Amino acid sequence: MEILIRNKVIEAIKTLYGQDVDENQVQVQSTRKEFTGDKTVVVFPFLRFSKISAEQTAEELGNYLVASIEIISGFNIVKGFLNLIFHNSYWIKQLNSAISEEKYGIRSANKDAELVMIEYSSPNTNKPLHLGHIRNNLLGFSISEIMKANGYKVVKTNIVNDRGIHICKSMLAWKQVGKGETPQSSGKKGDHLVGEYYVKFDQLYKKEVADLVTTGITEDQAKEQAPILNEAREMLRLWEANDPATRELWSMMNSWVYTGFDETYKTLGVDFDKIYYESSTYTVGRDEVLRGVQEGIFEQMDDTSVWANLENDGLDRKILLRSDGTSVYMTQDIGTAKIRYTDYPIDHMIYVVGNEQIYHFQVLSLLLDKLGYKWGKDLYHFSYGMVELPQGRMKSREGTVVDADDLVAGMVDVARKVSEELGKLDNYSDQEKQKIYQMVALGALKYFILKVDPKKTMLFNPEESIDFNGNTGPFIQYTYARIQSVLRKAVDAGITIPTQVPNIELSEKESTLIKILSGFPDAVKEAGENHSPALVANFVYDLVKEFNQFYHDVTIMNEPDEEIRKFRLLLAQTIGSTIKNGFSLLGIDVPERM
RNA sequence: GGCCCAAUAGCUCAAUUGGAUAGAGCAACAGCCUUCUAAGCUGUAGGUUUCUGGUUCGAUCCCAGAUUGGGUCACCA
C-alpha cells in the first residue's frame with residue numbers, strides 16, 4: 001500500500017509540476033494517532049518543485065491521490081503533512097487477509113532458505129549462570145525465533161568453555177579442601193557446588209599473596225609467585241597432556257555442572273540444536289595457529305609463545321599460544337569457527353556475546369581472514385549491553401552477582417503471592433496453579449529484559465522486584481487470558497465465530513486496532529533486520545494497550561447486533577493469536593486463565 | 001592515556017531510522033467493579049532531550065567540541 005502511494009505521489013509530482021522526484025524523497029508513514037488519517041505523506045521535500053505553499057501543495061497532491069487511488073476516501077492537511085483517509089473496506093480486507101494466514105506475520109523457511117547459525121549462552125563450567133547469562137540466553141533464543149519467522153533456517157549453537165585455567169582453579173580448590181564433597185553428599189546443585197570452589201580458590205590465592213607480601217616482595221611479584229596459581233598452571237599443562245587423573249577429576253566436576261545447567265536451561269525454556277565443547281575444538285585451533293606460524297602469518301618468539309601482529313590493521317599484538325604451549329580463548333574460537341563451517345553450510349554466523357568483547361571479535365574476524373577463510377570477515381558479533389545493578393557492574397568477588405536460579409525462584413514466589421491475593425485461581429489444582437505461576441514469573445522476567453533495546457546497558461534493581469502491572473509481561477498475558485475467557489463464553493453461548501467478516505461500518509477504536517494489527521508483519525521483519533526482540537515487545541504492548549481500552553469501552557458478548565458481535569469476537573480472536581505469536585518470538589508462553 | 005559506547009520526566013524505558021504538540025510504565029495525586037477477568041480503564045502533575053556550536057524547510061536522531069558515566073587495551077575468559 002505504501003508503495004502504491006509512493007508511486008502515485010511520484011506520478012503526481014510529474015503530472016502537476018513536471019518534475020522527477022527521487023523515490024527516497026517520498027516519505028509515506030503511518031499517521032500518528034493524535035491526528036485523523038491512516039497514512040501520511042510529508043510534502044516539505046516537494047516545495048522546491050511546486051513553488052507554492054506547503055498547504056497548497058498538499059491540497060493539490062491530496063486531490064490527485066483521491067482521484068487515482070480507489071481506497072483513499074479523503075484527506076486532511078496539517079501544516080506540511082498530508083493525512084490520507086482510507087475506506088472502511090480497506091481495513092476489513094486487511095483483517096480478513098490476516099485471518100486467512102495460518103500464522104499471520106510469521107514466515108517459514110523453504111528449501112532454498114539461507115542458513116543462520118546463532119551462537120549464544122556459551123557458559124564457563126566453573127560457576128553457575130547469573131543475570132548477565134540470562135540476558136544472553138533470552139536474546140539468543142528470541143533472535144533465533146525471529147530469524148526463523150523471517151524465513152531463515154536457524155541452527156542454535158552453544159560453545160561450552162569447559163577447559164582452561166579458570167576451570168583448573170575450581171578443580172584445584174576442590175582437590176585441596178573439598179574433602180570429597182559431591183552434589184549427592186551435599187544436596188547442592190552441581191553448578192553451584194563447583195562455583196563455590198571457584199570462589200574458594202580466589203580466597204586461598206589471596207591469602208597466599210598476602211602472606212608472601214609480608215616476606216618483603218612486592219604485590220605484583222606475589223601475585224605471580226603464589227604457589228596455588230602455579231599449581232593451577234601445572235594442572236592445565238597436565239590436562240592438555242591428557243594426564244588420566246586430571247582428566248578424570250575434570251570429567252566428574254564438569255558432569256555435575258552440566259546437570260545443573262540443563263536444569264536452568266529447561267526452566268528458562270531455551271535449547272540448542274548443536275553444542276560444541278572447547279575441550280574438543282581447541283586442538284583444531286592450535287593446529288590452525290601452528291599452520292599460521294609456518295605460513296608466516298603469525299610469529300613465534302624465542303620462548304615459543306605465538307603472537308599475531310595486527311598493528312598494520314590498527315590493532316595490537318595478540319597472544320595465540322602461551323610459552324608453555326597451552327591455548328588461550330582466542331585459540332579455541334578459531335578452531336570452533338573452522339569446525340562449524342565444515343559441519344554446516346553457514347550463510348550467516350551470529351555470535352550473541354556481550355559488548356565487552358567487541359575487540360575480541362574484531363581480532364577473531366581478522367585472524368580468520370588472515371588464515372585464508374573467506375567467511376572470516378562476515379562473522380557478525382551481536383553485541384548486547386551489560387546488565388548493571390544500582391551499585392554498578394556485578395562483581396563475583398563482592399558477592400553482588402544475581403544468580404539465575406535464585407532470581408527465577410524469587411519471581412515465581414512473587415507471582416504466587418500476587419495470584420493468591422487476587423484469588424482468581426482458587427478452583428484450580430496445585431499443579432495447574434504452579435504451572436501458571438511459573439509462566440507468569442518467566443513472562444515478567446523475560447519481557448522485562450527483552451523489551452529493552454539489546455544494544456543498551458540496562459539496569460536491574462534486586463531490591464524492587466520486577467513489576468506485574470503496566471508495561472510488563474503479565475499485563476500482556478492477562479490480556480490474552482481475558483480474550484480467551486470471552487471466546488469461551490462465546491462457545492458456551494453456542495456462537496460460531498466466522499472466518500471472514502463482511503463489509504461493516506467500523507468504529508474508530510476498531511479501525512485503529514486493525515491498523516495496529518496489520519503492522520505485525522513489518523514489526524517481525526524489522527526485528528529480524530535489526531536483531532531486536534525489543535521491536536516485537538513494543539509492538540505487542542501497543543496492540544494490547546489499545547485492545548484493553550477497546551475491551552473496557554465496548555461490550556463484545558452483549559452487543560445486540562449479531563453481525564457486529566461476531567465481528568468483534570473475530571477481531572478479539574485475531575488479536576489474541578497475534579499476542580501469542582508475538583510472544584512466542586520472545587520465548588514467552590501465554591496462559592488460558594490467570 | 002589510546003580506541004569504542006552511552007546520556008531523554010524523580011526512577012525504568014520508547015520515539016516508525018531527519019518530521020507534526022518528545023510518548024509509556026512505575027512512583028505521587030483524583031476517579032471507575034450489580035456489566036465479557038480491576039494483573040484493567042480514565043484523568044492530573046511531571047521535559048531547556050547533559051552542554052556549546054554547525055549542517056537544513058525541519059535535529060532527541062547527522063557532524064565537531066566539551067562534560068559525565070561505562071567498556072576495552074593480559075601468557076584472563
Side-chain angles (χ1 to χ4, degrees), chain A residues 27 29-35 40 42 44-45 47-48 54 78-81 83 122 124 126 161 164-167 169 233 278 301 303 305-307 314-316 318-324 326 328-330 332-333 354-360 362 383 385-386 388 390 392-393 415 418-419 421-422 424 440 444 448 451-453 455-461 464 467-479 481-490 493 519 522-523 526 530 534-535 537-539 541-542 545 548-549 551-559 568-569 572 593-594:
Chain A
Q27 298 173 53
Q29 48 201 242
S30 293
T31 304
R32 296 179 86 103
K33 68 177 181 201
E34 316 87 91
F35 301 94
T40 295
V42 186
F44 293 111
L47 300 186
R48 59 198 180 97
V78 182
K79 296 181 188 168
F81 298 89
N83 300 320
S122 309
N124 297 336
N126 60 346
N161 298 126
I165 189 76
H166 53 299
I167 309 297
K169 287 177 181 175
R233 285 174 176 149
E278 184 178 330
M301 305 284 101
D303 65 1
S305 62
V306 176
W307 296 76
L315 303 173
D316 288 325
K318 184 81 192 171
I319 190 155
L320 300 175
L321 287 175
R322 296 187 184 101
S323 55
D324 64 0
T326 58
V328 294
Y329 182 47
M330 189 61 80
Q332 69 82 21
D333 251 353
N355 62 13
E356 60 198 341
Q357 293 193 35
I358 288 175
Y359 183 74
H360 173 80
Q362 274 177 5
S383 94
M386 319 243 85
E388 281 186 356
R393 200 176 176 175
V418 172
S419 180
E421 271 170 36
L422 295 167
K424 290 178 186 177
V440 172
F448 178 82
K451 76 169 178 176
V452 180
D453 181 347
K455 289 193 185 69
K456 290 191 174 172
T457 304
M458 66 177 291
L459 189 126
F460 175 80
N461 188 346
E464 306 165 9
D467 248 300
F468 286 69
N469 299 318
N471 187 0
T472 66
F475 164 65
I476 290 164
Q477 289 172 319
Y478 172 71
T479 306
R482 270 176 148 184
I483 290 171
Q484 300 319 303
S485 173
V486 177
L487 296 177
R488 281 193 298 271
K489 288 230 156 56
D522 278 344
E526 275 182 45
N530 295 303
L535 297 178
N538 290 345
F539 170 87
Y541 178 68
D542 286 343
K545 178 109 183 95
N548 271 315
Q549 288 169 17
Y551 180 92
H552 181 264
D553 295 349
V554 172
T555 178
I556 297 174
M557 284 301 289
N558 295 327
E559 164 60 39
R568 286 181 186 160
L569 281 166
R593 312 173 159 79
M594 67 183 270

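Please read all numbers here as calculations on a predicted model, not as lab measurements. A note on names: the letters A, B, ... follow the listed sequences, proteins ahead of strands, and every chain is numbered from 1.
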For this session: Go along nucleotides 67-77 of chain B 5' to 3' and tag each nucleotide: B for a protein heavy atom under 4.0 Å from its base, S when only backbone or sugar atoms are that close, - otherwise.
Result: ---SSSS-BSB
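Under the ring pair (Phe, Tyr, Trp, His ring centres under 6.0 Å) criterion, A:Y359 pairs with no residue, sequence neighbours left out. For A:N469, there are no side chain to side chain donor-acceptor pair (under 3.5 Å) partners, not counting sequence neighbours. Judged as a ring pair (Phe, Tyr, Trp, His ring centres under 6.0 Å), and not counting sequence neighbours, A:Y551 has no contacts. Residues passing the side-chain contact (heavy atoms from CB on, under 4.5 Å) test with A:E388 are A:T457, sequence neighbours excluded.
Stacking between A:F81 and B:A20 is present: the aromatic ring centre lies within less than 5.5 angstrom of the base six-membered ring centre, and the two planes differ by under 30 degrees. Here A:F44 packs flat against the base of B:G19; its ring centre is closer than 5.5 angstrom to the base's six-membered ring, tilted by less than 30 degrees. For A:F35 and B:A20, the ring-to-base geometry satisfies the stacking test (centroid distance below 5.5 Å, interplanar angle below 30°).
Considering only side-chain N and O atoms, A:K545 lies nowhere under 4.0 angstrom from the phosphate OP1 or OP2 of B:G23.
Rounded to whole Å, the distance from NZ on A:K455 to P on B:C61 is 18 Å. Rounded to whole angstrom, the span from the CG atom of A:L315 across to the P atom of B:C4 amounts to 12 Å.
Heavy atoms of A:S383 sit nowhere under 4.0 angstrom from any nucleic acid atom.
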For this session: For RNA chain B, produce a single dot-bracket line, 5' to 3'. Pairs: Watson-Crick or G-U wobble, both distances under 3.5 Å. Symbols: ( ) within strand, [ ] crossing, | other strand, . unpaired.
Result: (((((((..((((.....[...)))).(((((.......))))).....(((((..]....))))))))))))....
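Annotation: B:C29 and B:A66 have their C1' atoms spaced 40 Å apart (nearest Å). The gap from the C1' atom of B:A45 to that of B:C26 amounts to 15 Å, rounded to the nearest Å. When the P atom is used for both B:A59 and B:A30, the distance is 41 Å, rounded to whole Å. Distance noted for atom P between B:U8 and B:C13: 9 Å (whole Å).
In this structure, A:R593 and A:R488 have side chains that are in contact, with non-hydrogen atoms separated by less than 4.5 Å.
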